Amino acid sequence: MYDGLVRRSGVRPGDRVLDVGSGTGYLSGRAALAVGPSGRVEGVDPSPTVVAYANEQAPANTTFRVAGAERLPFEDASFDLALSCLAVHHIPADDRVQAFAELFRVLKPGGRLLIADFRPPTGRLSRLAIAAFSGHGAEDVRLTDLALGAGFYIVETGRRPPLLCFVRATRPSG
Ligand SMILES: C[S@@+](CC[C@H](N)C(=O)[O-])C[C@H]1O[C@@H](n2cnc3c(N)ncnc32)[C@H](O)[C@@H]1O
């Protein structure tokens, strides 16, 4: 699934990639393979424990830092691609608009975004499945609205069965 998301993101060799809510660094590791030795991956996560673990396992072209999505410790327009999987629903609801504004800020004009999270539950069964899988309540995170609100151009939305949805977008270059 993670390789599928990385492929879908349009990652290219040499890209500088941001992974938001990087956790133990699995998605970053798959992106690190795709960008190759000329590329770089930066992961951020507010949990010092997972960041320490991720840095111990990190490939040479990857670094993890302690930070939340709502305040990214990077210069404007410094990434070609931003990725995130299963992290937006962890960002406090009141901070999500700011988090997407930060993603927009740190991406270069023309930069790419791929965000995946649990899909909005459609009924009792999917609500129960998401709650069982995640260990907490299911929630509708409205990725597309958040990306549009931040100024992104939506390229594609879709599902990754059984429980994920994703939005792929770009920061307009004009
Ligand atoms: C379910 S884990 C997903 C980790 C990783 N993306 C993966 O797919 O394996 C969710 C992560 O979101 C992180 N998180 C919580 N609040 C966050 C925030 N405000 N900004 C960014 N990440 C956050 C958590 O610390 C946790 O590591």
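Here the structure is a predicted model, which is why all the values come from computation and not from measurement. Ligands are counted one by one from 1 in listed order, and the atoms in each one are counted from 1 as well.
Put simply, the side chain of R168 does not reach to within 4.5 Å of the side chain of T157, judged on heavy atoms. Q57 places none of its side-chain heavy atoms less than 4.5 Å from the side chain of T24.
Considering backbone and side-chain atoms alike, S47 places every N or O at 3.5 Å or more from each N or O of ligand 1. At under 3.5 Å, a nitrogen or oxygen of C85, whether backbone or side chain, sits near a nitrogen or oxygen of ligand 1. Residue-to-ligand polar distances keep V20 apart from ligand 1: every N/O pair is separated by 3.5 Å or more. Residue-to-ligand polar distances place D45 within reach of ligand 1: an N/O pair is separated by less than 3.5 Å. Note: no N/O pair closer than 3.5 Å links D19 and ligand 1 by distance alone.
Ligand 1 has no atom lying under 4.0 Å from any heavy atom of L27.
Considering R16, R12, K108 in turn, K108 is the only one that fulfils the salt bridge (charged side-chain N to carboxylate O under 4.0 Å, His left out) rule with D80. The only member of V155, L5, V11, V167 that meets side-chain contact (heavy atoms from CB on, under 4.5 Å) when paired with L114 is L5.
Close approach of ligand 1 to Y2 (heavy-atom distance below 4.0 Å) involves ligand atoms 7 (C), 8 (O), 9 (O). Residue G68 has at least one heavy-atom neighbour below 4.0 Å for each of these atoms of ligand 1: 20 (N). Remark: ligand 1 atoms within the under-4.0 Å shell around heavy atoms of S22 are 5 (C). In summary, the atoms of ligand 1 found under 4.0 Å from a heavy atom of G21, numbered by their order in the structure, are 4 (C), 5 (C), 6 (N), 11 (C), 21 (C), 22 (N). Listed by number with element, the atoms of ligand 1 under 4.0 Å from a non-hydrogen atom of E70 are 18 (C), 19 (N), 20 (N).
Contact record, N61 with A32: ND2-O, 3.2 Å, taken as the closest heavy-atom pair. Nearest heavy-atom pair across R65 and V51 is O-CG2, 3.6 Å. Considering every non-hydrogen atom in both A147 and I154, the closest pair reads CB-CD1, 3.8 Å.
The side chain of P46, and not its backbone, has at least one atom closer than 4.0 Å to an atom of ligand 1 (non-hydrogen atoms only; side chain from C-beta on).
Residue Y53 qualifies as open at atom OH: its count of foreign heavy atoms under 6.0 Å is 12 or below.
Counting only distance, with no hydrogens or angles, the side chain of D15 and the backbone of V17 share no donor-acceptor pair below 3.5 Å.
The single protein non-hydrogen atom nearest to atom 2 (S) of ligand 1 is L86 O, 4.0 Å, given as residue, atom name and distance. Among all non-hydrogen protein atoms, the one lying nearest atom 12 (O) of ligand 1 is A87 CB, 3.8 Å. Looking at atom 15 (C) of ligand 1, its nearest protein heavy atom turns out to be H90 CB, 3.5 Å.
Looking at G23, P48, A69, it is A69 that brings a heavy atom closest to atom 20 (N) of ligand 1.
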